[in-house]
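Only one structure is covered here, and it is reproduced in the block below.
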Amino acid sequence: GGIAIVWCRINIVVVIIAVFVQTNGDEQSRIKVQDALAVSQNEYRLAEERGREANKELTQEIERRQEAQKALTASELHYRALFEESAVGLWAESWPELKELLDSLHQEAKNDLDSYFKTNPGALAQCTPLLKVNSVNRAALDLMEADSQADLLKELPRQFALDTTGFLARRIASLYSTGSFDTEIVAYTLKGKKRHLLVSTSIPRGYEKTWEMVFSSIFDLTERIELEEEKKRMEQQLQSSRQFQAVATLAGGIAHQFN
């Protein structure tokens with residue numbers, strides 16, 4: 001009977017110890033779960049903050065791009081208005097294919113394109129179709145007596161064919177070597193009227209390597225040239241009149257001496 005009581009007490013102690021161990025293990029597990037939950041909650045909170053910050057930055061970037069687009073549109077409209085309403089004839093062209101062709105030539109040709117075109121007229125003819133015109137303003141159309149840009153561009157091949165001064169070759173060569181070109185030429189309107197023009201062509205900064213933008217301004221010098229020519233004619237007439245008067249005076253003096 002005493003042994004049974006002892007075993008009973010031992011079993012009770014074992015049970016108590018087992019319960020204690022189990023309870024202690026559950027507590028440690030609970031603590032670990034709580035710690036893991038706290039870490040997860042903190043990471044979630046940080047992720048939410050990063051998400052809000054990213055959304056804020058994205059919203060700001062969208063707003064900046066929208067403002068930039070508005071500014072670009074306004075700038076383009078402003079440029080278009082200035083371009084169209086200018087009293088000076090303006091041409092906006094794009095020659096990237098021509099630039100690629102010129103860059104592919106051997107160095108000797110690139111160093112002296114003017115001479116190269118003179119000795120290779122076929123090369124210049126190859127360049128002509130690569131001169132793309134984007135837009136021409138109203139002043140340029142009026143100057144050339146064209147109703148529309150399409151009418152003017154249709155006339156260009158004939159104008160190139162009539163070029164006997166090497167204008168096109170000199171223009172391309174000067175742009176390639178210096179980035180600009182200025183000259184006075186004689187041209188004819190679509191209605192056949194003679195025009196004295198000052199043509200100034202340049203490549204805007206940032207487009208030197210591609211020639212995607214080429215700008216030309218055309219000034220009408222016809223009235224000034226005609227006035228200068230009229231002045232020269234009057235001076236020549238005056239000079240002739242003075243010479244005739246001098247001869248007449250001399251002849252009169254000689255005749256008076258004989259009388």
For E93, is there an ion pair with R171 - N to carboxylate O distance below 4.0 angstrom? yes

Salt bridge (Lys or Arg N to Asp or Glu O under 4.0 Å) between R64 and E67, intermediate numbers included: CA-CA 5 Å; R64 282 194 295 267; E67 290 299 320; over 6 Å; no

For the pair T201 (side chain) and S180 (backbone), establish whether a donor and an acceptor sit closer than 3.5 Å, ignoring hydrogens and angles. no

Between S115 and D112, is there a donor-acceptor pair closer than 3.5 Å when you use the side chain of the first and the backbone of the second? no

Does the side chain of R233 come within less than 4.5 Å of E229's, by heavy atoms? yes

Looking at E226 and R195, is any side-chain nitrogen of the basic one under 4.0 Å from a carboxylate oxygen of the acidic one? no

Sidechain-backbone polar pair: S94 side chain, E212 backbone, donor-acceptor under 3.5 Å: yes

The test is side-chain contact (heavy atoms from CB on, under 4.5 Å); show your working for L141 and D151 and say whether it passes. CA-CA 9 Å; L141 295 178; D151 291 339; over 6 Å; no

Any chance you could measure E85, atom CD, to N137, atom CG, to the nearest 0.5 Å? 9.0 Å

So, taking the atom named CD1 in I62 and the one named CD in E57, what distance separates them when rounded to the nearest 0.5 Å? 12.0 Å

Other residues, nucleotides and ligands only: do more than 12 of their heavy atoms fall within 6.0 Å of CD on E223? no

Roughly how far, to the nearest 0.5 Å, is the CG atom of N111 from the OH atom of Y116? 13.0 Å

I need the full list of side-chain hydrogen bond (donor to acceptor under 3.5 Å, both in side chains) pairs touching residues 117-127, with sequence neighbours left out, sorted by first then second residue. none

Identify the two heavy atoms, one from F181 and one from F167, that lie closest to each other, and give their separation to 0.1 Å. CE2-CE1, 3.5 Å

Assess, by modelled atom type and distance only, whether the side chains of D103 and Y176 contain a donor and an acceptor separated by less than 3.5 Å. yes

Treating T178 as the side-chain partner and L175 as the backbone partner, does any N or O pair qualify as donor plus acceptor under 3.5 Å? no

Quick one: do C127 and F117 satisfy side-chain contact (heavy atoms from CB on, under 4.5 Å)? Show the steps, please. CA-CA 10 Å; C127 293; F117 286 136; 3.9 Å; yes

OG1 of T59 to CZ of R52: how many Å apart, nearest 0.5 Å? 13.5 Å

Within 6.0 angstrom of F215 CZ, more than 12 heavy atoms from elsewhere: yes

So that I can tick it off, tell me whether E48 and R45 are bridged by a salt bridge, with the cut-off set at under 4.0 angstrom between side-chain N and carboxylate O. no

Considering only heavy atoms from C-beta outward, does the side chain of L168 approach that of L131 to under 4.5 Å? yes

Is there a side-chain contact (heavy atoms from CB on, under 4.5 Å) between I172 and L102 once you walk through the steps? CA-CA 9 Å; I172 294 174; L102 298 178; 3.7 Å; yes

Taken to the nearest 0.5 Å, the spacing of I218 CD1 from L197 CG works out to 6.5 Å

Look at E228 together with K232 and state whether they make a salt bridge at an N to O cut-off of under 4.0 Å. no

With a 3.5 Å distance limit and no angle check, can you tell me whether E208 reaches the backbone of G206 through a side-chain donor-acceptor pair? yes

Considering all heavy atoms, the nearest A139-S86 contact: CB-O, 3.4 Å

So, taking the atom named CZ in R170 and the one named CG in L113, what distance separates them when rounded to the nearest 0.5 Å? 14.0 Å

If you look only at pairs with a residue in residues 125-147, which of them pass as a salt bridge (Lys or Arg N to Asp or Glu O under 4.0 Å), with sequence neighbours excluded? R138-D142, E145-K193

Under a 3.5 Å distance rule, please check whether Q149 uses its side chain to pair with a backbone N or O of V136 as donor and acceptor. yes

Carefully, step by step, assess W95 and I203 under the rule side-chain contact (heavy atoms from CB on, under 4.5 Å). CA-CA 10 Å; W95 299 358; I203 300 172; over 6 Å; no

Report, as yes or no, whether the 6.0 Å neighbourhood of atom CZ on R65 holds more than 12 heavy atoms from other residues, nucleotides or ligands. no

